[in-house]
Amino acid sequence: TNDQPEPQSPEKTGARSLLTHYSLLITLFFVVAFFWEAAFLQKTFFFQDIGIQNYPCRHFYAEQWKEGRWPLWCPDVLGGFPLFAEGQSGAAYPPNLLLYPWLKTWVAMNFSIVLHYLLAAAGMFLLMRRWVSAWPAALSAICYSLNGWMVSHLVHVNAVSAAAWMPWVFYLLEKGRAIPKEVRNPNDEKEPLPHSHTPALPYLFLFALAPVMPFLSRHVHVVLLFSV
């Protein structure tokens, strides 16, 4: 007996791909609409931990980068503070390095926060799309990116940054281990699969790198949550 599913027609495949793209775009639009004032720079986040800790620390290291200096030590906190080593400001986090040295601090803060909610939504959508149809995947993505924990922890910028990578870690793992049956069984006498169906080694490589991003965002609690 042949346990392999029958191949879909190009029309069905194209319609499925189009529906996936549309539902993903609608999901991301929903997230942007939720944060539209920040996304379009009408307002900024400046309350609780953001105003007390995150904004001042990020502004300091942004100014240090702009002046060509490593933000190793902040002399403005008590008798001095090892800003880079302490880590919560995310001075070595790649998305921060792409935003803060080049933009005004409040603009970079807005874009960073909104982009990580978008990252969380896109990652959860792609992960769930492997198991369910497009609209349930979209609902899962919205529920994950805008759930109570994610929104209430907005003031903990590095926590949201770390959590945004969680679905990507599992998505890349799933993509990397999704090896067709014919490839997993070397004794199978069936014809070799096309190159596009070979094991997705690049996904495994990215899976090995993906957990580094939450570590660099420097919120250990979230990293430990999905490491367990």
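- Atom CG of Leu19 and atom CG of Leu24 lie 11.0 Å apart (nearest 0.5 Å).
- Closest of all the heavy-atom pairs between Ser152 and Trp149 is OG-O, 3.2 Å.
- Within 6.0 Å of atom CH2 in Trp73, more than 12 heavy atoms from other residues, nucleotides or ligands are found, so the atom counts as buried in its surroundings.
- Counting only heavy atoms from C-beta outward, the side chains of Pro95 and Met213 approach each other to under 4.5 Å.
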query: Phe205 and Leu209: side-chain contact (heavy atoms from CB on, under 4.5 Å), yes or no, with the steps?
result: CA-CA 7 Å; Phe205 176 73; Leu209 292 179; 3.5 Å; yes
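- Using a 4.5 Å cut-off on side-chain heavy atoms (C-beta onward), Val107 and Leu41 make contact.
- Environment of NZ in Lys104: sparse, with no more than 12 heavy atoms of neighbouring residues, nucleotides or ligands closer than 6.0 Å.
- Of the inter-residue distances, the one linking Tyr61 atom OH with Ser89 atom OG reads 6.0 Å to the nearest 0.5 angstrom.
- Using a 4.5 Å cut-off on side-chain heavy atoms (C-beta onward), Leu28 and Phe125 make no contact.
- Note on Val114: it clusters hydrophobically with Val151, by side-chain heavy-atom contacts below 4.5 Å among ILVMFWY residues.
- There is no path of hydrophobic side-chain contacts, each under 4.5 Å, that joins Trp106 to Leu98.
- Side-chain contact between Tyr144 and Met128 is absent, with no heavy-atom pair separated by less than 4.5 Å.
- A donor-acceptor pair under 3.5 Å links the side-chain atoms of Asn110 to the main chain of Ala38, judged by distance alone.
- Counting only residues at least two apart or on different chains, the salt bridge (Lys or Arg N to Asp or Glu O under 4.0 Å) pairs with a member in residues 25-41 are Glu37-Lys43.
- No chain of hydrophobic side-chain contacts below 4.5 Å, direct or via other Ile, Leu, Val, Met, Phe, Trp or Tyr residues, connects Val31 to Leu25.
- When side chains are defined from C-beta on, Leu97 counts as touching Trp65, because their heavy atoms get closer than 4.5 Å.
- In the hydrophobic cluster analysis, where Ile, Leu, Val, Met, Phe, Trp and Tyr join through side-chain heavy atoms closer than 4.5 angstrom, Ile52 is grouped apart from Ile50.
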message: Assess the residue pair Phe45 and Asn54 against the criterion (side-chain contact (heavy atoms from CB on, under 4.5 Å)); give the C-alpha distance rounded to whole Å, side-chain angles, the decisive distance to 0.1 Å, and a yes or no.
response: CA-CA 10 Å; Phe45 303 102; Asn54 288 294; over 6 Å; no
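- Contact record, Asn96 with Gly90: ND2-O, 2.9 Å, taken as the closest heavy-atom pair.
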Pair Leu118-Phe35, side-chain contact (heavy atoms from CB on, under 4.5 Å): steps then yes or no: CA-CA 10 Å; Leu118 291 171; Phe35 293 108; over 6 Å; no
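- A continuous path of Ile, Leu, Val, Met, Phe, Trp and Tyr side chains, each step under 4.5 Å between heavy atoms, connects Trp131 with Tyr171, placing both in one hydrophobic cluster.
- Taken from OG1 in Thr27 to CG in Leu139, the straight-line distance is 9.0 Å, to the nearest 0.5 Å.
- A pairwise comparison of heavy atoms in Leu83 and Pro71 identifies CB-O, 4.0 Å as the closest pair.
- Using modelled atom types, one side-chain atom of Ser217 and one backbone atom of Pro214 make a donor-acceptor pair closer than 3.5 Å.
- Considering all non-hydrogen atoms of both residues, Ser145 and Ala121 come closest at OG-CB, 3.6 Å.
- Leu127 approaches Glu174 most closely through the heavy-atom pair CD1-CG, 4.2 Å.
- His156 contributes atom NE2, which lies 7.5 Å from atom CD of Gln48 (distance to the nearest 0.5 angstrom).
- Atoms NZ and OG1, on Lys66 and Thr105 in that order, are 5.0 Å from each other to the nearest 0.5 Å.
- The aromatic rings of His59 and Tyr55 sit parallel to each other, their planes meeting at less than 30°, with 60° as the upper class boundary.
- The environment of Phe30 atom CZ is sparse: at most 12 non-hydrogen atoms of other residues, nucleotides or ligands sit within 6.0 angstrom.
- No more than 12 heavy atoms of other residues, nucleotides or ligands lie within 6.0 Å of CH2 in Trp102, so this atom counts as exposed by the packing criterion.
- Of all heavy-atom pairs between Ala62 and Tyr100, the closest is CB-O, 3.5 Å.
- In Phe47, the CZ atom is crowded: over 12 heavy atoms of neighbouring residues, nucleotides or ligands sit closer than 6.0 Å.
- Rounded to the nearest 0.5 angstrom, Leu206 CG and Lys175 NZ are separated by 11.5 Å.
- Among the candidates Phe111, Trp168, Trp165, Tyr93, the single residue satisfying the ring pair (Phe, Tyr, Trp, His ring centres under 6.0 Å) test with His116 is Tyr93.
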message: Checking Phe207 against Phe170 for the side-chain contact (heavy atoms from CB on, under 4.5 Å) test, could you report, in this order, the C-alpha distance in whole Å, the side-chain angles of both residues, the deciding distance, and whether it holds?
response: CA-CA 8 Å; Phe207 164 70; Phe170 293 107; over 6 Å; no
